[in-house]
Number of protein chains: 2
Amino acid sequence: MKPLFHPRVEDLDLSTILHACADPTRLRLLADINTEPGKTCGTFQTELSKSTLSAHFKVLRESGLIRQELGPGNSRLNWPRTAEVQSRFPDVITAILKSATRTHG
Amino acid sequence: MKPLFHPRVEDLDLSTILHACADPTRLRLLADINTEPGKTCGTFQTELSKSTLSAHFKVLRESGLIRQELGPGNSRLNWPRTAEVQSRFPDVITAILKSATRTHG
DNA sequence: CCAAGTGTTCGTAAATTGACGAATACACGA
DNA sequence: TCGTGTATTCGTCAATTTACGAACACTTGG
């Protein structure tokens, strides 16, 4: 299997992270992952196509907001990297997630 | 003079705000405005053209992050709306600004 | 009135983004 | 081995973004 790229904590970039959060779809995905860590990609309720969803997960992963591990049956387990991001940019993600879950459901 | 549009606090949108902050140039402008409230557009150190800069200010203003008032000589005074944004999305902007000024300046 | 200073708007162009279907890659069960 | 299920990659396309110069609008000083 092709290894999935994950940036190191010291390589995290604030603008990249904010850009990843700025899309409503991705913000919802991120919130869901934080609410239910370990969810697989297929378990997210959405009307978007599989390829579009995959692209959004890629943006989240490459920004450093989530970690994607191999799960059973070629699935991907999605884990938040909130603690790591927090160590670089204190309170940014926690504040965003709090507002996101409060205002959008 | 054509009136500049400013969104009401109740119309602020988290994704719009995050998108406005996601651009490095705008994040720097926003940080500068918060550091030195009332700065005019021409006082920002940048290599971008006047029209490009104006477009960035427009994005910041229409997202609700700053307020632009008329100043002397057709200039624009730029004020942060941090407190208002804070009332809608607690800690989001303050955390972003803290990380932005700590890492980029 | 005229020139200089400050910003916005318009037209344009290159790059990026977000979306999709089709094709592909991989793991697992029968 | 052969489907089935899960997810990525590729090619395409429309829309958005970012940038610029030129033109325009407005204020102020001479």
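In what follows, chains carry the letters A, B, and so on, assigned in the order in which the sequence lines appear, proteins first and then strands, with residues in each chain numbered from 1. Keep in mind that what you see is a predicted model, and the values were worked out from it rather than measured. These values consider heavy atoms only, across backbone and side chains, with no hydrogens, waters or symmetry-generated copies.
- Around CD of A:E10, the count of heavy atoms belonging to other residues, nucleotides or ligands within 6.0 Å exceeds 12.
- As rounded to whole Å, 15 Å separates atom C1' of C:dG18 from atom CZ of A:F57.
- Relative to the side chain of A:R26, the nucleotides C:dG18, C:dG7, C:dA19 differ in distance, and C:dG18 lies closest.
- Test B:T52, B:V59, B:L48 against B:T25 for side-chain contact (heavy atoms from CB on, under 4.5 Å) and you get one pass: B:L48.
- A:L4 has its CG atom 13 Å from the C1' atom of D:dT6, to the nearest Å.
- The side chain of B:R76 approaches C:dG7 more closely than any other nucleotide in the set C:dG7, D:dC20, C:dG21.
- You'll find that the side chain of A:T40 is closest to D:dA7, out of D:dT17, D:dA7, C:dG5.
- In the model, B:N78 has no side-chain atom that pairs as donor or acceptor with a side-chain atom of B:T40 under 3.5 Å.
- Among D:dC20, C:dT8, D:dT6, the nucleotide with an atom closest to any side-chain atom of B:L48 is D:dC20.
- For D:dT27, its base never sits under 3.5 Å from the side chain of B:N74 at any donor and acceptor pair.
- At whole-Å resolution of the value, CD in B:E47 and P in D:dC20 are 10 Å apart.
- One finds the NZ atom of B:K98 at 8.5 Å from the CG atom of B:D91 (value rounded to the nearest 0.5 Å).
- Checked against D:dA7, C:dT8, C:dC20, the side chain of B:Q68 finds its nearest nucleotide in C:dT8.
- Counting non-hydrogen atoms under 4.0 angstrom, B:L53 reaches nothing in the nucleic acid.
- Between the NZ atom of B:K39 and the P atom of C:dT6 there is a distance of 13 Å, rounded to whole Å.
- The CG-C1' distance, from A:L70 to D:dG5, rounds to 15 Å in whole Å.
- The base of C:dG21 is paired with the side chain of A:S51 by a donor and an acceptor separated by under 3.5 Å.
- Nearest nucleotide to the side chain of A:K50, out of C:dT6, D:dT6, C:dG21: D:dT6.
- Across the protein-nucleic acid pair, B:K58 atom NZ and C:dC10 atom C1' stand 11 Å apart, rounded to whole Å.
- Nearest to the side-chain atoms of B:S75 among the listed nucleotides C:dT6, C:dT9, C:dC20 stands C:dT6.
- With no hydrogens or angles considered, a side-chain donor-acceptor pair links A:R61 and A:Q68 at under 3.5 Å.
- Taking side-chain N and O atoms only, A:H19 has no distance below 4.0 Å to OP1 or OP2 of D:dT17.
- When the P atom of C:dT17 is taken as reference, atom CG of A:L60 falls 14 Å away, rounded to whole Å.
- Of the two residues contacting DNA chain C, namely B:P72 and A:H56, the nearest-nucleotide position lying further toward the 5' end is that of B:P72.
- In terms of phosphate contacts, B:T52 brings a side-chain nitrogen or oxygen within less than 4.0 Å of OP1 or OP2 of D:dC20.
- Comparing D:dT18, C:dG18, D:dA19 by their closest approach to the side chain of A:D23 singles out C:dG18.
- Note on A:W79: it does not cluster hydrophobically with A:L4, by side-chain heavy-atom contacts below 4.5 Å among ILVMFWY residues.
- Rounded to whole Å, the distance from CG on A:L29 to C1' on D:dA7 is 14 Å.
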